[in-house]
S.K.: 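Sharing a structure with you now.
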Amino acid sequence: MSQPLQHPGPLLRSDVRQPRAAQAPPPAPTGPAPGRTGRLRGAPSFPRLHATSTAPRLVDALSSPGCPRRPPPPQVGMARALGPERRLLAVYTGGTIGMRSEQGVLVPGSGLAAVLRTLPMFHDEEHARACGLPENTLVLPPASPDQRVIYRVLECQPLFDSSDMTITEWVQIAQTIERHYGQYDGFVVIHGTDTMAFAASVLSFVLENLQKPVILTGAQVPIHALWNDGRENLLGALLMAGQYAIPEVCLFFQNQLFRGNRVTKVDSRRFAAFCSPNLPPLAVVGTDVTINRELVRKARGKAPLVVHSCMERDVGLLRLYPGIPAALVRAFLQPPLKGLVMETFGSGNGPTKPDLLRELQAAAERGLVIVNCTHCLQGAVTSDYAAGMAMAGAGIVSGSDMTSEAALAKLSYVLGQPGLSLDGRKELLARDLRGEMTLPAGAEGWPSLSHSTLGRGVAQLLTLSQEADAVRDAVVPSLACAAAHAGNLEVLQALVELGSDLSLENFNGQTPLHAAARGGQAGAVTMLLRRGVDVDPRDEDGMSPLLLAVKGRHWDVIELLRAAGACLSPGELEDAGTELCRLASRADLEGLQSWWQAGADLGRPGYDGRSALLVAEATGNLEVVTFLQSLQGEAGAQAPGPGTL
Ligand SMILES: NC(=O)C[C@H](N)C(=O)O
């Protein structure tokens, strides 16, 4: 790059005044931060923040109107004076790195860029003058003979302790990167460490088709402290972003560059605050810089950067513990929750208590998307244990070896994608999108199964030795029910090949036919009926597949079951009267038609002796009255139809 950085002009009016003549070192610190010793004398404290609006703004941290520009460069070859440059944009959001002590506690402090300008390791003033770089531009000392990294700092107003950062702010950071994407070669996000792993995970999903590095960093100790980690971290992030083409969202800390959606914070005090438990670092800085090239993701062609701003907020995280009550889980799974990351034991195992599994299955069937992540630091969700397969059987998606931070971000991203079906969202969750997870190998011979959680579960079952029959018997019914409910015929077929009996009941007495009927899966119902399964099994609550199809208003399934000879039981018909009156009072014509199609007597009285027709007339639901009277007419004229009055 031969031209000095053309300042694109401040995003907003700057309010951090740093006139060159008054370029005095920042004022002396206002007392040591708690628990901090050995401060650098004369170390700057950061000016108090200006009161600003709640939505964070980004101001140019070093330029201000009227600030004298540097003298024009000497008439030497600009190329020689400038040399090839890499241009970076740093977004300073807050965090300990720039904090100062106030009444004994650390609070975010502005003016980080001004401090960097005073530190030779972050700014080569002589070179800046020689090149006539704009006031708001800093330039690192040369890291290699023929290359310079120049950078600009945008400062958030207000600055954050990252405990207060949310998806909203992270999307705004992504939008800022998007606005400046063409002007810079890379980006550094200076961020608090407490939620940095969440931030890196969210940014990795929000920024699609990234062709340039976005590197988050921060510190455990303020940069002005004598003994600190911030200088090494920030310099490392700038150099990595400026010198290496790593088109990913990364996190640089303690001389290691991690993939952003693979890290978690593991220590609140040590400088080695982060680890990447299931993926080695992408790069390690020592006497030289080692890049693990085979791990670095390749940029996808020249596809343009896409910023996904629609991230679902109603996602949650629930960590299981021994004896967790089903009632508590039920309470947690209620709307508005749309997605849940469930931290489970070991290899993705959880309690197999029927009441708990019923809650999870019911929530999954309501459309809540649940991702299973192990709460172990290392390892992955597998299908080694029946306890784990029971989770898959309840319709829970495996999170493989994802961190909880990545799983939450991915769930928010997937649920925010428009136009996807529930199964489409589960398929997307099961795929590796941004290097966030390691896919388990599918079993030989069943490649098509490995893309789904259930398929992978079955594939694993296929590889189990004969001695594992007990495991199979324990989990096949749950798997079969989940596959039937999802309409996954491949998995059902795989289970048939495994020699499984598709009439077997799962933990709450339901068969795959129940599940298929409940899910409205006509294909699965057809397949199961062809395999000669019992047409009218009853679950623990005495419900038949036909009744479940009626409740789900799955008319195609009702027709299939009736054609195969399914009938509502006397008990189901006995209870129908009150339900019919309820539907009539609500003018629920579809519901009444479902009962009629299933062969119910729509004239059956409710608990108070009134029929649905009387209720409809009393409530003035004329459409329902007309429908019910038409059935009366039909009943009078011919043999009873699917339903009778
Ligand atoms: N080291 C840090 O940055 C911690 C700080 N509370 C933050 O996350 O903003």
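As the structure lists them, so they are numbered: ligands from 1, and atoms in each ligand from 1. Nothing here was measured: the structure is a model prediction, and the numbers come from that model. Just so it is clear, the values below take in all heavy atoms, side chains as well, and ignore hydrogens, waters and symmetry mates.
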S.K.: Any sub-3.5 Å donor-acceptor pair from R425's side-chain atoms to Q417's backbone N or O?
M.R.: yes
S.K.: Considering only heavy atoms of A219, which atoms of ligand 1 have at least one such atom less than 4.0 Å away?
M.R.: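 Numbered from 1, ligand 1 contributes 1 (N), 2 (C), 3 (O).
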S.K.: Can you check whether H308 and F205 have ring centres sitting under 6.0 Å from each other?
M.R.: no
S.K.: Check each atom of ligand 1 against the heavy atoms of Q220 and keep those under 4.0 Å away; list them by number with element.
M.R.: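 Selected atoms, number and element: 1 (N).
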S.K.: Report yes if S163 has an N/O atom closer than 3.5 Å to an N/O atom of ligand 1; otherwise report no.
M.R.: no
S.K.: Side-chain contact, heavy-atom cut-off 4.5 Å: I291 with M240?
M.R.: yes
S.K.: Please write down residue, atom name and distance for the protein heavy atom closest to atom 4 (C) of ligand 1.
M.R.: T96 OG1, 3.2 Å
S.K.: How far is atom 3 (O) of ligand 1 from its nearest protein heavy atom, and which residue and atom is that?
M.R.: T193 N, 2.9 Å
S.K.: Check step by step if side-chain hydrogen bond (donor to acceptor under 3.5 Å, both in side chains) holds for T264 and E405.
M.R.: CA-CA 7 Å; T264 188; E405 295 93 334; 2.7 Å; yes
S.K.: How are the rings of H180 and Y184 set relative to one another: parallel (under 30°), tilted (30 to 60°) or perpendicular (over 60°)?
M.R.: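 The rings of H180 and Y184 sit tilted, inter-plane angle from 30° to 60°.
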S.K.: Using the ring of each side chain (for Trp, its six-membered ring), is F187 parallel, tilted or perpendicular to Y181, with breaks at 30° and 60°?
M.R.: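 Aromatic pair F187/Y181 classed parallel.
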S.K.: Geometry only, no angles: is H191 polar-contacting ligand 1 at N/O separations under 3.5 Å?
M.R.: no
S.K.: If we only count N/O pairs under 3.5 Å, is G192 in contact with ligand 1?
M.R.: no
S.K.: Please confirm whether R434 makes a cation-pi placement over Y413, using NZ or CZ under 6.0 Å from the six-membered ring centre and within 45° of the ring normal.
M.R.: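 Flagged: R434 positioned over aromatic ring of Y413.
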S.K.: Do S162 and ligand 1 have an N or O pair less than 3.5 Å apart?
M.R.: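 Yes; the residue has a nitrogen or oxygen that sits under 3.5 Å from a nitrogen or oxygen of the ligand.
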S.K.: Please state which part of P108 comes within less than 4.0 Å of ligand 1, counting heavy atoms only: side chain, backbone, both or neither.
M.R.: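 It is neither part, as no heavy atom is under 4.0 Å.
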